[in-house]
Participant: 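Take a look at this one; I'll ask things after.
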Amino acid sequence: MRGAAIEIVDVNKWFGDFQALRDINLSIATGEKVVICGPSGSGKSTVVRCINRLEEHQSGTISFNGVELTNDPASVASIQGDIGMVFQQFNLFPHLTVIENLMLGPMKARGLSREEAVNRAKQYLERVRIPDQANKKPAHLSGGQQQRVAIARSLCMEPKVLLFDEPTSALDPEMIAEVLDVMEELAREGMTMIVVTHEMGFARKVADKMVFMDNGEIVEQAAPEDFFERPKTQRCQKFLSQILHH
Amino acid sequence: MRLLLALSLALLLTGCASSGTWGWYVINPATDTGWTNIKFLISGMGNTILISVIAAAISIVLGLLVALPGQSKKKGWRIVNRVYVELVRSIPLLPMLFWVFYGLPIVFKSMGLNIPIDPFWGAIITLAVSDSAFTAEIYRSGIQSIARGQSEAAQTIGLSYAQTMRYVILPQAIRRILPPLANQFIYIVKMSAFASVIGMQELTRRANELVVTEYRPLEIYSLLIVEYLVLVLVISAGVRWLERKMGSDERV
């Protein structure tokens with residue numbers, strides 16, 4: 001079972017004249033947890049957004065379970081259901097209740113009946129420990145609760161891979177832990193995860209592989225113990241000292 | 001409202017002072033002729049409402065169909081949208097009405113089709129098409145006001161473009177665009193008066209016909225204005241009710 005779930009080969013991306021990604025090569029195995037860090041504007045989010053086709057890369061290839069990502073709308077839709085995404089700003093649907101947020105994908109994209117979707121939604125709300133908020137609108141929840149709903153919404157699609165784009169950056173400090181706890185639990189259960197984050201404590205606990213990006217390129221890729229104890233490049237050393245000693 | 005009342009009262013008083021200017025007998029409900037005239041004038045109301053409502057309904061659908069290609073990533077689709085909007089909104093209503101009523105049947109005939117256009121449908125087509133360019137722009141602003149993260153989140157749970165629009169974007173956009181859409185409806189109601197020139201029996205046409213026989217334009221057109229005023233005020237009240245109803249669960 002353990003093949004490369006996601007294979008990124010020589011990927012380049014430009015926004016106009018600005019090169020956002022330079023020759024990115026990254027391979028993520030099924031069940032692997034990868035944490036991507038780096039200064040802002042380094043291209044971390046762009047990598048993640050290219051993986052589920054929210055952004056299009058201009059050269060190189062990205063494949064998911066051996067199938068290359070193309071522009072074919074049908075394949076894009078199927079990939080986007082299988083690769084879940086948790087956003088920094090949660091992006092819950094404000095006009096729907098929590099449980100409706102969770103049911104939408106399973107019913108419309110997966111064709112589940114209402115009853116099946118309700119059961120599945122309840123099951124995942126339980127998983128993220130907010131079963132009692134099912135009928136509230138997202139606006140009535142705290143930031144931490146909203147982000148857990150967003151995680152549950154992704155899980156309802158039963159994705160093969162979960163992407164996290166700075167999931168705790170928009171949260172008040174006291175709410176970060178509740179979201180990281182849920183993410184750690186997912187990691188223990190064997191979910192394939194790619195997480196863009198500055199939470200180095202979480203990274204140490206969970207990551208199989210650390211990726212450091214700067215200026216659109218991957219500067220360093222290493223196992224967490226090597227990465228934190230023996231960073232090879234100066235840029236990475238500098239970044240780590242800034243982020244760990246503040 | 002109070003200002004309007006004061007204004008009409010002032011008009012009325014000056015009218016009475018210089019006797020002979022006003023001849024309210026023509027629409028005096030106390031007399032048989034007056035009452036018949038009033039009933040004749042008001043009988044156009046049904047058609048005014050009918051063509052306005054049908055035209056607005058078509059415009060709301062057509063406007064969305066025009067707005068969506070404007071959001072496309074493909075340039076060709078966006079051009080279709082721009083050309084339609086710029087072309088349609090630059091044609092004044094009256095020439096378009098003439099073109100549809102007198103010109104379009106000739107176009108149909110040259111294509112071997114025998115589709116007559118009566119005043120009723122001529123007015124509706126013109127009002128709907130002319131209004132759709134504005135409706136499309138209203139949809140555009142509504143759709144663009146919904147944060148990009150919403151459609152991205154919809155994509156990541158596997159929703160297609162149509163599903164994203166249907167379940168995520170439009171339900172949120174519609175609440176924001178309800179007030180401008182209501183404005184457009186009021187605009188349609190008022191512009192429907194133009195239908196009188198192609199013989200549509202609506203409020204303005206009735207007034208015109210009565211003026212020709214009674215020679216009392218001032219009184220009859222005054223009543224005509226009041227008829228539109230009442231109509232628009234009723235619509236405004238309805239829209240405010242609808243806004244409250246939809247806004248109640250909008251607390252985001």
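Side chains included, hydrogens not; waters and symmetry mates left out as well; all remaining heavy atoms used. Lettering follows sequence order; numbering is per chain, from 1.
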Participant: What pair of heavy atoms forms the shortest contact from B:Ile157 to A:Arg153, and how long is it?
Facilitator: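 Closest pair (atom of B:Ile157, atom of A:Arg153, distance): CG2-CG, 4.0 Å.
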Participant: Inspect the surroundings of CH2 in B:Trp77 and state if more than 12 heavy atoms from other residues, nucleotides or ligands are less than 6.0 Å away.
Facilitator: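 Counting other residues, nucleotides and ligands, CH2 of B:Trp77 stays at 12 neighbours or fewer.
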Participant: Under 4.5 Å from any heavy atom of chain B, what part of A:Glu55 do you find: side chain, backbone, both or neither?
Facilitator: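 Answer is side chain: those atoms of A:Glu55 sit under 4.5 Å from chain B.
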Participant: Roughly how far, to the nearest 0.5 Å, is CD of A:Glu100 from OH of B:Tyr167?
Facilitator: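 The distance works out to 12.5 Å.
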Participant: More than 12 heavy atoms of other residues, nucleotides or ligands under 6.0 Å from CD of A:Glu115: yes or no?
Facilitator: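 Atom CD in A:Glu115 is not crowded, with 12 or fewer foreign heavy atoms closer than 6.0 Å.
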Participant: Give a yes or no answer on whether the side chain of A:His95 reaches the backbone of B:Ile169 with a donor-acceptor pair at less than 3.5 Å.
Facilitator: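 Here the side-chain-to-backbone pair does not exist.
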Participant: Pick whichever of A:Ile83, A:Leu92, A:Leu96, A:Leu163 has the most heavy-atom pairs under 4.5 Å with chain B.
Facilitator: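 Most heavy-atom pairs within the cutoff with chain B belong to A:Leu92.
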Participant: Could you pull out the closest heavy-atom pair between B:Gly158 and A:Ala109, with the gap in Å?
Facilitator: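 Taking B:Gly158 first and A:Ala109 second, the nearest heavy atoms are O-CB, 3.4 Å.
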Participant: At a heavy-atom separation under 4.5 Å, does A:Phe93 approach chain B through its side chain, its backbone, both, or neither?
Facilitator: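 When you check distances to chain B, atoms from both the backbone and side chain of A:Phe93 fall under 4.5 Å.
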Participant: Considering only heavy atoms, give the residues of residues 142-156 of chain B separated from chain A by less than 4.5 Å, sorted numerically, with 'none' for an empty result.
Facilitator: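 Answer by number: B:Arg148, B:Gly149, B:Gln150, B:Glu152, B:Ala153, B:Ala154, B:Gln155, B:Thr156.
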